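In this text the structure is predicted, and so the values were computed from the model without any measurement.
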Amino acid sequence: MFVNPRVAVVILTKNEARHIQDAIASVRWADQVVVSDSYSDDGTVALAEAAGAVVTQRAFEGWAVQRNAALETTAADWVFFLDADERVTPALAAEIRQVIQGPQVGWWAPRYNYIVGRRIDHAGWYPDYQMRLLKRGFTRYDLTRPVHEVVELDGEAGHLHNHLLHYNYDTWSQFYTKQRRYARYEATILKARGIHPRPHNYILQPLREFRRRYLTLAGWRDGWYGLRLSALMAYYAGVTYYELGQLWRTSPGPPE
């Protein structure tokens with residue numbers, strides 16, 4: 001059905017000077033590389049242009065909004081979304097070229113996560129499937145999700161076999177900062193649903209999260225890293241409910 005379709009890789013950026021050149025280097029197989037930048041001030045744009053990418057800029061309005069807008073920055077039949085701290089392996093690139101000949105309109109890619117120098121294979125960090133390969137005109141992002149975006153498909157989805165490589169965090173400090181931000185996002189979502197924190201949530205939710213990650217999802221197989229990550233994610237489950245309580249105390253009505 002699809003004859004010689006073109007593939008564009010789209011990378012959303014905001015101050016990604018450290019990663020952007022390596023990210024682009026991993027996708028030179030694509031017909032086009034587009035960097036959709038949110039007005040970086042660290043040299044990201046110049047580095048991306050020097051690496052051969054087409055650069056567009058727009059103010060950040062949320063991940064789903066940015067990705068939907070990015071889908072319109074190219075005339076390619078297919079778009080593969082890549083984060084600046086991710087890399088596409090040659091095996092994954094070859095598989096992408098093959099699968100776009102089929103009838104599916106979206107493809108999930110498994111992802112290896114590297115946290116502070118260690119690949120994490122358990123505790124919910126693997127296979128970490130991401131919907132990244134999208135056929136334009138048949139896919140869009142759900143605007144009701146401010147983070148951890150959801151793709152809506154007009155057709156079938158498939159699962160790729162080869163992996164994305166994700167270099168999530170170089171330091172634990174980066175991990176703490178991002179998880180705190182995620183906790184605030186999740187609290188906002190819970191409040192929008194009308195959910196109020198109960199006293200037992202502050203204790204039971206972290207305990208459940210630790211059990212889920214360390215035992216059910218076999219975090220113990222990753223040794224000390226698995227224990228630490230399971231404990232940290234349990235802690236941030238508690239932070240989510242703390243943030244939710246703060247939201248209700250400061251703004252009793254529905255979110256703006």
Checking salt bridge (charged side-chain N to carboxylate O under 4.0 Å, His left out) for the pair D31/R97: CA distance, chi angles, key distance, verdict? CA-CA 11 Å; D31 298 296; R97 285 293 191 191; 3.1 Å; yes
Taking [atom1] in [X] as the centre, count heavy atoms belonging to other residues, nucleotides or ligands within less than 6.0 Å. Is the count above 12?
{"X": "R118", "atom1": "CZ", "result": "yes"}
{"X": "Y242", "atom1": "OH", "result": "no"}
{"X": "H200", "atom1": "NE2", "result": "yes"}
{"X": "Q246", "atom1": "CD", "result": "yes"}

Within-4.5 Å side-chain heavy-atom neighbours: [X] and [Y]:
{"X": "L217", "Y": "R212", "value": "yes"}
{"X": "V65", "Y": "L143", "value": "yes"}
{"X": "I115", "Y": "L229", "value": "yes"}
{"X": "I195", "Y": "L244", "value": "yes"}
{"X": "V45", "Y": "Y39", "value": "no"}
{"X": "R221", "Y": "D121", "value": "no"}
{"X": "L160", "Y": "L92", "value": "yes"}
{"X": "Y176", "Y": "Y236", "value": "yes"}

Using a distance-only test with no angle check, is there a side-chain donor-acceptor pair under 3.5 angstrom linking [X] and [Y]?
{"X": "Q130", "Y": "D128", "value": "yes"}
{"X": "Q32", "Y": "T74", "value": "yes"}
{"X": "D85", "Y": "H19", "value": "no"}

Rounded to the nearest 0.5 Å, what separation is found between the [atom1] atom of [X] and the [atom2] atom of [Y]?
{"X": "R180", "Y": "T177", "atom1": "CZ", "atom2": "OG1", "value": "10.0 Å"}
{"X": "H166", "Y": "L82", "atom1": "NE2", "atom2": "CG", "value": "9.5 Å"}
{"X": "Y241", "Y": "H196", "atom1": "OH", "atom2": "NE2", "value": "12.5 Å"}
{"X": "F175", "Y": "L232", "atom1": "CZ", "atom2": "CG", "value": "5.0 Å"}
{"X": "L165", "Y": "S26", "atom1": "CG", "atom2": "OG", "value": "8.5 Å"}
{"X": "Q66", "Y": "S36", "atom1": "CD", "atom2": "OG", "value": "6.0 Å"}

Does the pair D83/R132 count as a salt bridge with the N-to-O cut at 4.0 Å?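 A salt bridge is present here (some side-chain N lies under 4.0 Å from a carboxylate O).
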Only counting residues at least two apart or in another chain, list the ones meeting ring-ring contact (aromatic ring centres under 6.0 Å, His included) with F81.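 Checked F81 against ring-ring contact (aromatic ring centres under 6.0 Å, His included); matches are Y141.
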Applying a strict under-4.5 Å side-chain criterion to I, L, V, M, F, W and Y, I'd like to know whether Y235 and F210 cluster together.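 Yes, because Y235 and F210 connect within a single hydrophobic cluster, where side-chain heavy atoms sit under 4.5 Å apart.
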Give the minimum heavy-atom separation between M131 and A157, together with the two atoms involved.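 Closest heavy-atom pair between M131 and A157: CE-CB, 3.9 Å.
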So which atom in S40 and which in Q57 form the shortest heavy-atom distance, rounded to 0.1 Å? N-NE2, 4.2 Å
Taking D142 for the side chain and V151 for the main chain, is one N or O donor matched with an acceptor at less than 3.5 Å?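 Looks like no, no N/O pair under 3.5 Å.
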Take D37 and T44 through the test side-chain contact (heavy atoms from CB on, under 4.5 Å) and record every step on the way to the result. CA-CA 8 Å; D37 183 72; T44 295; 4.0 Å; yes
Would D170 and R18 count as a salt bridge (charged side-chain N to carboxylate O under 4.0 Å, His left out) here? Give the steps. CA-CA 11 Å; D170 295 324; R18 183 181 180 281; 3.2 Å; yes
Mind running side-chain contact (heavy atoms from CB on, under 4.5 Å) on L190 and T240 for me, showing each step along the way? CA-CA 9 Å; L190 291 174; T240 296; 3.9 Å; yes
Applying the side-chain contact (heavy atoms from CB on, under 4.5 Å) criterion to I100, which one of W107, F80, W78 satisfies it?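 The residue from W107, F80, W78 that satisfies side-chain contact (heavy atoms from CB on, under 4.5 Å) with I100 turns out to be W78.
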For a salt bridge (Lys or Arg N to Asp or Glu O under 4.0 Å) with E72, tell me which candidate from R67, R58, R136 qualifies. R136
Y114 pairs by ring pair (Phe, Tyr, Trp, His ring centres under 6.0 Å) with which of Y167, Y126, W125, Y225? Y167
Please determine whether salt bridge (charged side-chain N to carboxylate O under 4.0 Å, His left out) holds for the pair K135 and D154, giving the CA-CA distance in whole Å, both sets of side-chain angles, and the decisive distance to 0.1 Å. CA-CA 10 Å; K135 183 169 176 59; D154 296 331; over 6 Å; no
So, do Y129 and H159 have ring centers that fall under 6.0 Å from each other?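 That pair passes the under 6.0 Å test.
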